[in-house]
Amino acid sequence: MTTRAALLVLADGRFPAGGHAHSGGAEPAVRAGRIRDARSLADFCLGRLHTTGLTAAALAAAAAHGLDPLALDEAADARTPSPALRTVQRRLGRQLMRAARATWPGPGLEALAAARPRGAHQPVVLGLTARAAGLGPEDAAHCVAYETVSGPATAVVRLLSLDPFEATAVLARLVPALDRVAEQAAAAAREGIDALPAASAPLLDITAEAHAAWPVRLFAS
């Protein structure tokens, strides 16, 4: 039975999945001047949502739908050209797996943890977690879509001292786009792995590689 309360727990920024330490590419975008204020933050979030966000949401929806998580993990690798981002996604997946197994233990999570001891891609783990919590594919897609924009918005509050009210307003205005991306991701998941989107954002890949080499940074990615 689907429970919206479980979705709130999973999407809560206080869920101990490690996302608070990552900016989703916002830190290098701030340094490069591509994010300067609420308007440019909205543009950045919208672009991220329709590219890497859509791809990740579809992977999560597919895992929640019951598709093979190991095959999905390979699909996630193929859709993540940046080695730095692959490392980040697996690190976040490992952290999420720890939290998920403690919160909603189940055979699906246990099997993936055994098969990928160094961590599976975070969207795949999230989809399995959603399934273990009684949530459906669209719920999982919504959770990932929200993470895609809320992470950068939260990071920019710290990086630019942006008014938190302005950052929250950006997220609120993105709600219709979040809904559309989640619906598109869930629909693709029903068609199988080969139908999953592979939208990319090359600039995010490039800046992720540069950011990983910074000697001093506020966020891990």
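On a predicted model such as this, the values are computed, not experimentally measured, just so you know.
Taking hydrophobic clusters as Ile, Leu, Val, Met, Phe, Trp and Tyr residues chained together by side-chain heavy-atom distances below 4.5 Å, Ile35 shares a cluster with Leu46.
Crowding of Phe219 atom CZ: a count of heavy atoms from other residues, nucleotides or ligands under 6.0 Å exceeding 12.
In this structure His211 satisfies the side-chain hydrogen bond (donor to acceptor under 3.5 Å, both in side chains) test together with Glu27, sequence neighbours excluded. Qualifying side-chain contact (heavy atoms from CB on, under 4.5 Å) partners for Ala6, counting only residues two or more places apart in sequence or in other chains: Thr3, Trp104, Ala133, Leu135. Taking Thr148 as the reference, nothing meets the side-chain hydrogen bond (donor to acceptor under 3.5 Å, both in side chains) condition, with sequence neighbours excluded. Residues satisfying the side-chain contact (heavy atoms from CB on, under 4.5 Å) test with Asp12, not counting sequence neighbours, are Arg14. Not counting sequence neighbours, His50 has no partner by the side-chain hydrogen bond (donor to acceptor under 3.5 Å, both in side chains) test.
Cluster partners of Trp214, using a side-chain heavy-atom cutoff of under 4.5 Å among ILVMFWY residues and allowing indirect links: none. Clustering of Ile, Leu, Val, Met, Phe, Trp and Tyr by side-chain heavy atoms under 4.5 Å joins Leu92 with Val88.
In plain terms, the two heavy atoms of Ala220 and His22 that are nearest each other are CB-CE1, 3.5 Å.
Put simply, the side chain of Arg36 gets close to the backbone of Gly33: a donor and an acceptor are under 3.5 Å apart.
The stretch residues 179-199 participates, sequence neighbours left out, in no ring-ring contact (aromatic ring centres under 6.0 Å, His included) pair at all. Applying the side chain to side chain donor-acceptor pair (under 3.5 Å) rule to pairs touching residues 191-210 yields Ser82-Glu209, sequence neighbours excluded.
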Distance-only donor-acceptor pairs under 3.5 Å for side chains of residues 159-186, two or more places apart:
unit_1: Asp163; atom_1: OD1; unit_2: Phe165; atom_2: N; d: 2.8
unit_1: Thr168; atom_1: OG1; unit_2: Pro164; atom_2: O; d: 2.9
unit_1: Asp179; atom_1: OD1; unit_2: His142; atom_2: NE2; d: 3.0

Which atom pairs, one a donor and one an acceptor, fall under 3.5 Å between side chains of residues 107-128 and the rest of the protein, sequence neighbours left out?
unit_1: Glu110; atom_1: OE1; unit_2: Arg101; atom_2: NE; d: 3.4
unit_1: Glu110; atom_1: OE1; unit_2: Arg101; atom_2: NH2; d: 2.8
unit_1: Glu110; atom_1: OE2; unit_2: Arg101; atom_2: NE; d: 3.1
unit_1: Arg116; atom_1: NE; unit_2: Asp73; atom_2: OD2; d: 2.8
unit_1: His121; atom_1: NE2; unit_2: Asp77; atom_2: OD1; d: 2.8
unit_1: Gln122; atom_1: NE2; unit_2: Glu147; atom_2: OE1; d: 3.1

Which pairs would a plain distance check flag for residues 65-72, meaning a side-chain donor or acceptor within less than 3.5 Å of a matching protein atom at least two apart in sequence or in another chain?
unit_1: Asp68; atom_1: OD1; unit_2: Leu70; atom_2: N; d: 3.0

Please lay out, stage by stage, how Asp43 and Ser40 fare under the test side chain to side chain donor-acceptor pair (under 3.5 Å). CA-CA 5 Å; Asp43 291 340; Ser40 51; over 6 Å; no

